[in-house]
Amino acid sequence: MRNRIDSGRLVVYGLLLVLAASMLFPFYWMAITSLKAKADVFSTEPKLLPGRQLAEQVVEDPRWFFRSGTENYSQLLAWQRLVEPGSGPRGFSRFVLNTVFFALAITLGQVITSSLAAFAFARLRFPGRNQVFFAYLATLMIPATVTMIPSYILLRELGWVDTYQAVILPAVFTAYGTFMLRQFFLTIPREIEDAARIDGCSPLGLYWRIALPLSTPALAALSIVAFVGSWRTFMWPLIVSSSEDLFNLPLGLSLFRGIYTDPDWPLLMAGSMIMTLPMILVFIAGQRYFVEGIRLGAVKG
Amino acid sequence: MKSRALGIAALFLLPNLLGFLAFTLFPVVASFALSFCRWDPVAQPISAIEPAGFRNYQDLLGFHGQTGPAGQTSWVANTPRFWEALYNTVFMMLAIPFNMAASLFLAVLLNRKMRGMAIFRTAFFLPSITAGVGTMLLWMWMFNKDLGSINQVLAWVGIQGPDWLQSYFWAKPALMLMASWAGVGGVNMILYLAGLQQIPRELHEAAALDGAGRWQQLRHVTVPMLLPVTFFIFIISIISGLEGGFDAPYVMTGGSFGTTTVSLYLFRQGFEFFRMGYASAVAWVLFLIVFLLTMINWRLAEKRVEY
């Protein structure tokens, strides 16, 4: 009997390993390619497992990795197209900075505006509350394809096309975040709120000192969703930004691919690594909350 | 007292509400109105918007008779490109059932008390959390005709792989393959996993007592119990399948070789040919299709799923 269970486990582990390996293989391929020179990719006989060759090279001369292995990365970060002296970083490093800025601004904006609104919907009594909340819920169904054209026209009439706020502002207000945080705020026991109220706590104090600290998991979940979503956002920045100074990494990479008729794959893969790695790190750091956030947003709703 | 409560609530709501009005409510109304108008935002000022009645919808959905060389009349779509884009989109959505089955399979594998499951869950989830232009370039490289890893693997077993992204036959399957990689271990798998964990143990135990094997338990206990989750995932997949699908064809094929989806078509019409009214009509037709499908699904779900 014991043996049977063990062999069952072995089969499951084997299956999981094979599946995980095939899911992760693309990342391995990306990393390996990003460390090679363009000539290596094209001249030597193609190898599916160039890792061995690379490993031998690193073992033979460990300094090689930092001298030649990272060449694509330094070349990429130094890449510039529009050189105008004295106006800050340009080119690829600018794309990186823009992406970081967009992601932080949008995440912060989403957390602040949706937690405030969620608090009002969950813990305040005011006339018309249910009607307004229902309007929010209904718009969860409205796709971006419907709203993007008038949003663009609105920003254009404001003269904001090709500005930072045009990329950031429409992404800041989310019905999803409001909905998710409201679900969480609803679970805070009434007694805690009453006790605080008797001690003279104002609504703002309740929000800041009770609702927010008790909801760290939900806030973390929303932050991760917002951060990753705004890190890789492509369509909206494509619509509202035309100058390369405003490009984020997705736009920059897409521009990059278009420049070469004969793509420099190792260089492009270095760019993909720069775009992809931060998302992996953020996810691994906060995945506990992230998984919880999916359940809050979907199953309970 | 009442007005004071309203005042305080307004302070909390205002930031989000303003954005909601400006970037959701106003756009929805404006987009609907615009779909009955004609306007080129580059050549004309905003005051030059002119009403066009149902022209956009007629162009979009309508057919006209055409007399052939032998004098016979055949019906031709006014804008065949739209129907083509719809076909491409629906074709690529054929992967949805397979992806859902794969997500369920992964969730069933992960749903046991064994060491290391969290690590496998992370591994399966990574493609979906990183999906973006970066991984699209990666797949373009993997799909490369001569040096890409996929054709190398195929060469091992003696198959000469096609030029995936430059072929009418293979471009759609290639994009579908990439989307499956990015999708099967993602949110759907997590939802299935949550659903599996909610199934009471007793049900499986009772089935086992009645002599049901693993496979029979899966078929007669697990799958029926997961029906609500399955319907939810199916609806979400259909919505995102119809509305999404912009980034990948834009970046990887530029919409050639039969990969122009409706959302890419809409983008081109609106922001490259500057036909704002027409593009809005496309958006509303698409939304209507999504809405109807969702309603039909809910009806079916109400009939089939009993709690």
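Here is the naming used below: chain letters follow the sequence lines, and residue numbers restart at 1 for every chain.
- With values rounded to the nearest 0.5 angstrom, A:L277 atom CG is found 10.0 Å from B:T130 atom OG1.
- Residue with the most contacts toward chain A among B:G132, B:G185, B:P45, B:A123: B:A123 (heavy-atom pairs, distance under 4.5 Å).
- No other option in B:A131, B:A118, B:G195 has as many heavy-atom pairs under 4.5 Å with chain A as B:A131.
- No more than 12 heavy atoms of other residues, nucleotides or ligands lie within 6.0 Å of CD1 in B:I119, so this atom counts as exposed by the packing criterion.
- The CG atom of B:L138 lies 10.0 Å from the CH2 atom of A:W29; values are rounded to the nearest 0.5 Å.
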Inset, instruction - List the steps and the verdict of side chain to side chain contact (heavy atoms under 4.5 Å, CB included) for A:F121 and B:L13. - result: CA-CA 8 Å; A:F121 285 131; B:L13 279 179; 3.7 Å; yes
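- The greatest number of non-hydrogen atom pairs below 4.5 Å with chain B, out of A:A117, A:A175, A:P170, is found for A:P170.
- Heavy atoms closer than 4.5 Å to chain A are found in the side chain of B:F271, but not in its backbone.
- No other option in A:I112, A:I142, A:L268, A:V282 has as many heavy-atom pairs under 4.5 Å with chain B as A:I142.
- The CD1 atom of B:I129 lies 12.0 Å from the OG1 atom of A:T276; values are rounded to the nearest 0.5 Å.
- With rounding to the nearest 0.5 angstrom, the CG atom of A:L154 is 8.5 Å from the CD1 atom of B:I46.
- Within the 4.5 Å cutoff, the side chain of A:T147 has no heavy atoms near those of the B:S31 side chain.
- Using a 30° and 60° split on the angle between ring planes, B:F12 and A:Y207 fall in the perpendicular class, above 60°.
- Using cut-offs of 30° and 60° for the angle between ring planes, the A:F27 and B:W181 rings count as tilted.
- There is no contact between B:S180 and chain A, counting heavy-atom distances below 4.5 Å.
- When each of B:S263, B:P15, B:A30, B:P27 is scored by its heavy-atom pairs under 4.5 Å with chain A, the top score falls to B:P27.
- Considering only heavy atoms from C-beta on, A:V12 stays 4.5 Å or farther from B:F120 through its side chain.
- With a threshold of 4.5 angstrom between heavy atoms, B:L17 approaches chain A through its backbone and through its side chain.
- Note: A:I149 CD1 to B:M276 CE = 6.0 Å, rounded to the nearest 0.5 Å.
- Across B:V251 and A:S254, no two heavy atoms sit closer than the pair CG2-CB, 4.5 Å.
- Heavy atoms of A:Q110 lying under 4.5 Å from chain B are absent altogether.
- For a residue to count as touching a neighbouring chain, one of its non-hydrogen atoms must lie under 4.5 Å from one of that chain's; by this rule B:L126 touches chain A with backbone and side chain alike.
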Inset, instruction - Begin with the C-alpha distance, continue with both residues' side-chain angles, and end with the deciding distance and a verdict on side chain to side chain contact (heavy atoms under 4.5 Å, CB included) for A:Y13 and B:R115. - result: CA-CA 10 Å; A:Y13 272 128; B:R115 217 176 282 186; 3.8 Å; yes
Legend entry - Pair A:R232-B:V133, side chain to side chain contact (heavy atoms under 4.5 Å, CB included): steps then yes or no: CA-CA 7 Å; A:R232 61 184 172 191; B:V133 176; over 6 Å; no
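- Only the side chain of A:L124 has a heavy atom closer than 4.5 Å to any heavy atom of chain B.
- The two residues A:R9 and B:K113 make their nearest non-hydrogen contact at NH2-O, 3.7 Å.
- Side chains of A:S272 and B:W141 form no contact here, defined as non-hydrogen atoms less than 4.5 Å apart.
- The shortest side-chain heavy-atom distance between A:R257 and B:M136 does not fall under the 4.5 Å cut-off.
- If you measure heavy-atom distances from B:F20 to chain A, the contacts under 4.5 Å come from both the backbone and the side chain.
- For chain A, the nearby parts of B:A22 are the backbone and the side chain; heavy atoms of each come within less than 4.5 Å.
- The shortest non-hydrogen separation linking A:R156 to B:Q44 is NH2-O, 4.1 Å.
- When each of B:L34, B:T24, B:T122 is checked for heavy-atom pairs under 4.5 Å with chain A, B:T122 comes out on top.
- Here the CG-CD1 distance, from A:L204 to B:I8, works out to 10.0 Å after rounding to the nearest 0.5 Å.
- Contact of A:T174 with chain B is made through the backbone alone, with heavy-atom distances under 4.5 Å.
- In this structure the side chain of B:L110 reaches within 4.5 angstrom of the side chain of A:L16, judged on heavy atoms.
- Using bins of under 30°, 30° to 60° and over 60° for the plane-to-plane angle, the ring pair B:F23/A:F173 lands in the parallel bin.
- Residues B:V28 and A:T139 are not in side-chain contact: their nearest non-hydrogen atoms beyond the backbone lie 4.5 Å or more apart.
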Inset, instruction - Could you go through the side chain to side chain contact (heavy atoms under 4.5 Å, CB included) check for A:L238 and B:F267 one step at a time? - result: CA-CA 10 Å; A:L238 178 70; B:F267 173 87; 3.5 Å; yes
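- With a 4.5 angstrom heavy-atom cutoff, A:V146 touches chain B via backbone and side-chain atoms both.
- No part of B:A10 comes within reach of chain A, as not one of its non-hydrogen atoms sits under 4.5 angstrom from that chain.
- For B:P127 against A:M23, the heavy-atom pair with the smallest separation is CG-O, 4.1 Å.
- When all heavy atoms of A:W265 and B:L137 are compared, the closest pair comes out as CZ3-O, 3.6 Å.
- If you measure heavy-atom distances from A:I274 to chain B, you find no contacts under 4.5 Å at all.
- For the pair B:W39 and A:I153, the tightest heavy-atom approach, listed with the atom from each and the gap, is CZ3-CD1, 3.3 Å.
- Here A:M235 is the residue among A:M235, A:M30, A:M275, A:R125 with the most heavy-atom pairs under 4.5 Å with chain B.
- Between chain B and the options A:G271, A:A120, A:P143, the largest number of non-hydrogen pairs under 4.5 Å is found for A:P143.
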